[in-house]
Amino acid sequence: METLIIENPNESDIKEASRIIRSGGLVVFPTETVYGLGASALDPEAAKKIYAAKGRPSDNPLIIHLSRAEEAEKYCYTNEKFYKLAECFMPGPLTVILPKRDIIPMEVTGGLSTVAVRVPMNEIALELIKSSEVPIAAPSANISGRPSPTCPIHVINDLGGKVDAILCGGECEVGLESTIVRCEADGTVSQLRPGAITPEMLSAAMGGAEVIDLSTRKLDDDEKPIAPGMKYRHYAPKAKVTVLVGDREKIFKYMEELSSKEEIGFLTDFETAKKLGKNAFSYGKRDSAKEMAHNLFKNLREFDEHEEIKQVYADMPKLQGLGLAVYNRLIKAAGFDVREIK
Ligand code: AMP
Ligand code: MG
């Protein structure tokens, strides 16, 4: 199919895109986290098109995007904790899972009786949702298994010719997907995926209430995931990725010894990358998890442009705050291949 690519969409472009959504088509739009591949969340046939375009397994549910938190009541059964979180983080990079109402088709939730809701902060996204007059179901706008797209070119490379329109709105500010939490009717709140809204921030918004972290464990092969996306291989460039942990000096030595090899690449902080030379990509200043989050997916995709690189060694961020979300994506890109350097 021919894909309409719209740079810096204006009001009438967004109106046109909303007509596509209402008529059951696919529109990619920017958000503050990553680009989303959107369709009407009330239309099971449109949801199926999302899965087909991405090559996504049909049991991996979609997030529905609303223009206001107050709308959530129409699509799911909300509770007190939801509104506390919504007050602080909606619009923003937070997704909340709640029991769904019948109006949301099972095709959107991968057969689950719950639905994930989010209110994005990006103006284009909000205008598109408002103007469509339906909630928009959208996973990240990448081919399944690839790094999530944070720039228009990533989307064009993955989905050009497979969607009706792409609204280009520059680089995504956060660069990692939303934090996902589950809010139970009994008041229990658990984190299923780390993101820019950290457990500390969530807990503070709920007057110090506990947030159970279910996101850091690797699942056993036969274990049923709570967030189905957790079981799939993710974010992977074509090269193999290994995450190095341990003493910084030793890691640097290890990398330096390998740096003359054509087939080896590095993902590390700015200063270290400069020292290592040509196959070393920097994802930001060492103490800035924000920069690392912003650049991680872009960097992972850059390795694909260097076919000679078969193995990437990645340095890890500091394991606190947003650094934990960066680490979560990095170890998935590595297929959990983490090597301790002694
Ligand atoms: P993506 O937008 O590509 O990051 O994918 C959305 C992710 O949200 C899925 O992979 C799931 O892990 C999670 N998710 C969406 N809906 C639900 C739900 N009802 N229950 C648990 N996890 C969900
Ligand atoms: Mg995704």
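Since the model is a prediction, treat every value here as computed from it, not as a measurement. Numbering of ligands and ligand atoms starts at 1, following listing order.
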Practice task
Examine the proximity of ligand 1 to Leu112 and report which part, side chain or backbone, both or neither, has a heavy atom under 4.0 Å away.
Solution key: side chain
Problem - Structural part of His65 in contact with ligand 1, heavy atom criterion under 4.0 angstrom - result: neither
Compare [options] and give the one whose heavy atom is closest to [atom].
atom: atom 6 (C) of ligand 1; options: Glu177, Lys100, Arg56; value: Arg56
atom: atom 7 (C) of ligand 1; options: Asp59, Thr31, Ile180; value: Ile180
atom: atom 9 (C) of ligand 1; options: Leu62, Leu37, Asn60; value: Asn60

Practice task
Report the distance from atom OG1 of Thr268 to atom NZ of Lys274, rounding to the nearest 0.5 Å.
Solution key: 13.0 Å
Problem - Interatomic spacing from CE in Met292 to CG in Asp315 - rounded to 0.5 Å - result: 7.0 Å
Practice task
Go through the structure and list residues passing side-chain contact (heavy atoms from CB on, under 4.5 Å) with Asn79, not counting sequence neighbours.
Solution key: Lys81, Phe82, Leu98, Cys183
Problem - Contact check, Arg182 vs ligand 1, heavy-atom distance below 4.0 Å - result: no
Is [X] salt-bridged to [Y], going by a charged N under 4.0 Å from an acidic O?
X: Lys130; Y: Glu123; value: no
X: Lys84; Y: Glu87; value: no
X: Asp164; Y: Arg19; value: no
X: Asp269; Y: Lys285; value: no

Handout entry: Residues clustered with Phe252, ILVMFWY side-chain links under 4.5 angstrom
Key = Leu244, Ile251, Tyr254, Met255, Leu258, Ile264, Phe266, Leu276, Tyr313, Ile341
Completion exercise
Within 4.0 Å of some non-hydrogen atom of Ser140, the atoms of ligand 1 are 1 (P), 2 (O), 3 (O)
Fill in the blank from the handout: Numbered in order shown, the ligand 1 atoms found under 4.0 Å of a heavy atom of Thr114 are 18 (C), 19 (N), 20 (N)
Exercise for the section: Keeping waters out of it, list the protein N, O or S atoms under 2.8 Å from the Mg ion (ligand 2). Expected result: Ser140 OG
Handout entry: Those residues that, when tested against His306, pass ring pair (Phe, Tyr, Trp, His ring centres under 6.0 Å) (two or more places apart)
Key = Phe281
Exercise for the section: Please answer: with hydrophobic residues joined when any side-chain heavy atoms are less than 4.5 Å apart, are Val155 and Leu296 in the same cluster? Expected result: no
